[in-house]
There are 2 protein chains.
Amino acid sequence: MTTTSMKDVARAAGVSVGTVSNVLNRPEAVAEETRRRVQTAIAKLGYVRNDSARQLRAGRSRNVAIVVLDVANPFFTDVVRGAEPLVDSAGGVVTVCDSGEDVHREQRHLEILEEQRVLGLLITPVDGSSSERLERLTAHDIPVVLVDRGAGQHPHCSVAVDDVYGGRTAAAHLVERGHTSIAFIGGPIAIPQVGDRLAGCRAVCEEAGIHLEAFTSVSLNVAGGREAIEQMLGLPEVPTAVFCANDLVALGALQGLTMHGVKVPEECAIIGYDDIDFAAAAAVPLSSVRQPRSQLGRTAAQLLFDEIAEGEDHTHRNVVFQPELVARASTAAAL
Amino acid sequence: MTTTSMKDVARAAGVSVGTVSNVLNRPEAVAEETRRRVQTAIAKLGYVRNDSARQLRAGRSRNVAIVVLDVANPFFTDVVRGAEPLVDSAGGVVTVCDSGEDVHREQRHLEILEEQRVLGLLITPVDGSSSERLERLTAHDIPVVLVDRGAGQHPHCSVAVDDVYGGRTAAAHLVERGHTSIAFIGGPIAIPQVGDRLAGCRAVCEEAGIHLEAFTSVSLNVAGGREAIEQMLGLPEVPTAVFCANDLVALGALQGLTMHGVKVPEECAIIGYDDIDFAAAAAVPLSSVRQPRSQLGRTAAQLLFDEIAEGEDHTHRNVVFQPELVARASTAAAL
DNA sequence: GTCTTGGGTTGAAACGACTCAACACGCCTC
DNA sequence: GAGGCGTGTTGAGTCGTTTCAACCCAAGAC
């Protein structure tokens with residue numbers, strides 16, 4: 001069965017293609033009786049609109065893409081969840097792309113998305129200096145909203161959580177518990193969130209005159225955390241507390257420490273970041289720094305549609321949320 | 001800046017559009033010198049192919065859609081991960097859609113995907129009887145591969161894990177540990193996986209003459225598990241073991257039991273399903289039934305491309321994997 | 001009886017890329 | 001010098017939809 005087009009429907013209903021189009025797009029402009037005839041024809045032939053043709057005509061698709069660092073990270077799925085309803089109700093369709101923290105995959109996605117003439121883009125870019133690639137999109141009139149990325153020099157709207165503040169909060173909590181030697185475990189420092197969290201942490205440590213050891217995990221997941229712990233345990237002086245750049249890493253760290261018989265929190269405390277659902281369900285419930293995840297997504301989508309609506313006279317907005325400490329068992333022991 | 005088309009490039013390079021098209025699609029057919037001229041023109045104008053136009057002409061997009069029950073479930077993200085490389089290397093693009101276990105959302109996604117003339121579809125359908133909606137797609141020449149769905153009556157290729165066997169395995173493990181009263185917690189029974197796991201469990205219980213109590217959680221996630229536990233604890237005789245339809249539910253159950261001061265596994269054992277990464281990292285490491293997740297995705301994608309390649313003389317294939325018991329602390333106590 | 005008005009409908013012109021038959025040109029052969 | 005060959009290039013036609021000026025026609029105004 002070869003695909004049926006509007007022409008076939010028109011013929012079957014004895015009207016012109018223009019009328020079929022009207023039935024589909026502005027039914028109120030078509031006479032009752034005609035409309036019905038067209039609709040039965042559509043049903044009988046099993047006609048399905050061809051979106052490519054629509055888009056070609058419209059010059060733009062109705063897809064909103066969300067490019068995340070890792071779909072397997074609950075943080076991002078929550079962000080996506082937050083954005084979806086808003087996009088949906090605006091008649092858009094969400095496309096999720098996973099860059100896997102890899103610049104080349106991100107690049108490939110961006111190229112494809114540009115070819116698809118997406119309506120807009122929410123992205124957590126892999127590195128800090130990706131602006132040139134993104135600006136190419138904005139130059140081609142594709143609005144870009146940065147997610148979880150501070151109000152920097154970039155010419156885009158953005159939503160973010162104050163990661164420096166979050167880093168400070170986590171470190172302050174550890175200091176308050178009496179720790180005097182702290183390790184930081186986090187993925188590529190090039191990822192701004194990681195850098196900021198570390199910066200906040202470092203600031204507090206310096207103020208308090210505390211030793212800080214930073215480990216660079218290969219990536220921000222469970223395996224990365226486990227591996228970093230291996231390194232850490234090789235130190236002559238093993239720190240008594242670990243601040244992980246996100247909860248997945250923290251879970252990995254927890255596994256690593258437990259495997260080596262190090263008691264959490266008695267011998268080593270752990271604090272994560274994001275407060276994903278699994279954090280509370282971990283072997284030792286994880287302390288963490290909570291981010292308003294779905295709100296991030298929702299706000300980002302909102303900014304995107306605002307930008308689309310405002311057109312020329314749009315000025316970029318940068319929304320920053322404050323994270324919040326959630327203390328649990330993994331930092332419960334006082335020294 | 002209005003979008004530049006092949007025509008603009010052609011003009012700038014002093015050639016015809018046909019030649020530009022050739023440079024893009026069959027560069028070897030174009031003379032070296034011409035090719036270079038066209039390429040500089042492309043670079044200078046910042047030309048980007050218009051995918052809608054391509055697709056319109058081709059009659060088909062290069063998108064492969066994966067429709068899952070829940071993107072936040074690591075099981076599915078792993079399946080997606082498994083499928084991605086294969087789709088990628090076949091020149092396709094993956095689109096992930098989340099049905100959220102909701103028939104209407106699934107339906108909406110299917111409609112949109114059909115309008116987009118996707119290359120093919122990997123789907124874990126919400127209910128068992130969704131075949132009519134899917135057959136509409138196949139009637140329109142869109143190949144569909146069922147994921148995690150047994151070799152039933154359906155006219156599709158499929159990959160699946162033997163869920164009845166998995167259910168039996170889990171139940172047998174509990175019986176072996178001496179439990180004589182077991183609860184099953186699982187989402188809508190209409191979801192075939194849930195039904196099958198329950199069936200396998202029930203069969204073993206009947207053979208062993210053991211009491212089985214089944215609870216229907218609203219959905220297959222952490223919250224669903226927590227809520228079901230509330231119900232279960234209301235029973236006059238509280239079961240001594242719980243078999244959860246997936247690990248998220250099991251994590252929820254673990255939270256629920258812990259909240260009510262019920263010790264796991266001493267007072268109540270738990271076994272989950274899927275063996276997601278978080279299962280091992282839980283407060284009490286969860287026993288589970290492991291599925292070859294990424295292999296499911298990879299095989300599904302393979303079947304899809306096989307079907308596309310074989311065309312007319314394709315016969316559907318149903319691949320079934322065997323799951324595997326992973327015993328951990330949550331079922332460690334003997335009675 | 002002519003003139004408006006306006007609800008319905010029409011048909012052709014876009015949109016941008018791809019395809020393919022036709023052609024142009026240089027070179028070689030007989 | 002006619003014919004054949006091979007390599008490059010062309011341009012018109014096509015995909016399916018939307019849009020919009022033009023048109024038709026019946027009803028109401030004068």
Side-chain angles (χ1 to χ4, degrees), chain A residues 1-39 41-42 45-62 91 111-112 114-119 140-141, chain B residues 1-39 41-42 45-62 91 111-112 114-119 140-141:
Chain A
M1 173 199 278
T2 130
T3 36
T4 69
S5 73
M6 278 186 28
K7 222 184 304 183
D8 305 311
V9 175
R11 189 171 18 233
V15 299
S16 76
V17 290
T19 301
V20 177
S21 174
N22 281 336
V23 170
L24 258 26
N25 300 309
R26 314 176 310 158
E28 74 285 357
V30 179
E32 171 95 22
E33 133 81 4
T34 316
R35 198 191 323 156
R36 216 174 2 236
R37 231 169 47 231
V38 171
Q39 269 155 354
I42 287 178
L45 298 179
Y47 165 74
V48 177
R49 250 199 181 94
N50 185 323
D51 209 39
S52 320
R54 288 189 90 186
Q55 287 179 199
L56 172 56
R57 191 73 234 281
R60 183 119 306 194
S61 87
R62 28 198 243 292
E111 280 164 12
I112 292 176
E114 191 175 356
E115 289 187 2
Q116 303 199 110
R117 303 289 192 269
V118 289
L119 197 54
H140 286 42
D141 278 334
Chain B
M1 174 199 276
T2 132
T3 37
T4 69
S5 74
M6 277 185 30
K7 222 183 305 181
D8 304 312
V9 175
R11 188 172 18 234
V15 298
S16 76
V17 290
T19 300
V20 177
S21 174
N22 281 336
V23 170
L24 257 27
N25 301 308
R26 313 175 303 145
E28 74 284 358
V30 180
E32 171 93 24
E33 134 81 4
T34 316
R35 197 190 325 155
R36 211 170 10 232
R37 228 170 49 233
V38 172
Q39 270 155 353
I42 287 179
L45 298 180
Y47 166 74
V48 177
R49 251 199 182 88
N50 184 324
D51 210 39
S52 321
R54 288 188 90 188
Q55 287 180 196
L56 172 58
R57 190 74 232 282
R60 182 119 309 195
S61 87
R62 28 197 242 290
E111 280 164 11
I112 292 177
E114 192 175 354
E115 289 186 0
Q116 303 199 79
R117 303 289 191 270
V118 288
L119 197 54
H140 286 42
D141 279 335

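Here the structure is a predicted model, which means the values were calculated and not measured. Here is the naming used below: chain letters follow the sequence lines, and residue numbers restart at 1 for every chain.
- Contact annotation for B:Arg57: base contact, defined as any heavy-atom pair under 4.0 Å involving a base atom.
- Among the heavy atoms of the strands, none lies under 4.0 Å from B:Asp51.
- When each of A:Gly14 and B:Asn25 is assigned the nucleotide of DNA chain C with its nearest heavy atom, A:Gly14 is the one assigned upstream, toward the 5' end.
- Toward the 5' end of DNA chain D, the nearer of the two residues A:Val20 and B:Glu28, judged by each one's closest nucleotide, is B:Glu28.
- Here B:Thr19 lies in heavy-atom contact (under 4.0 Å) with a base.
- Residues B:Arg117 and B:Gln55 form no side-chain contact, since every pair of their non-hydrogen atoms from C-beta on lies 4.5 Å or further apart.
- Residues B:Arg54 and B:Leu24 fail the side-chain proximity criterion, which asks for heavy atoms closer than 4.5 Å.
- Along DNA chain D, the stretch of nucleotides lying under 4.0 Å from any heavy atom of chain A spans, 5' to 3', D:dG16 to D:dT19.
- Rounded to a whole Å, the CG atom of B:Leu24 is 9 Å from the P atom of C:dA17.
- In terms of phosphate contacts, A:Thr34 brings no side-chain nitrogen or oxygen within less than 4.0 Å of OP1 or OP2 of C:dG8.
- The residue A:Ser5 sits close only to the backbone: its heavy atoms come under 4.0 Å of sugar-phosphate atoms, none of a base.
- In this model, the phosphate group of C:dC15 is not approached by any side-chain N or O of B:Asn50 to a distance below 4.0 Å at OP1 or OP2.
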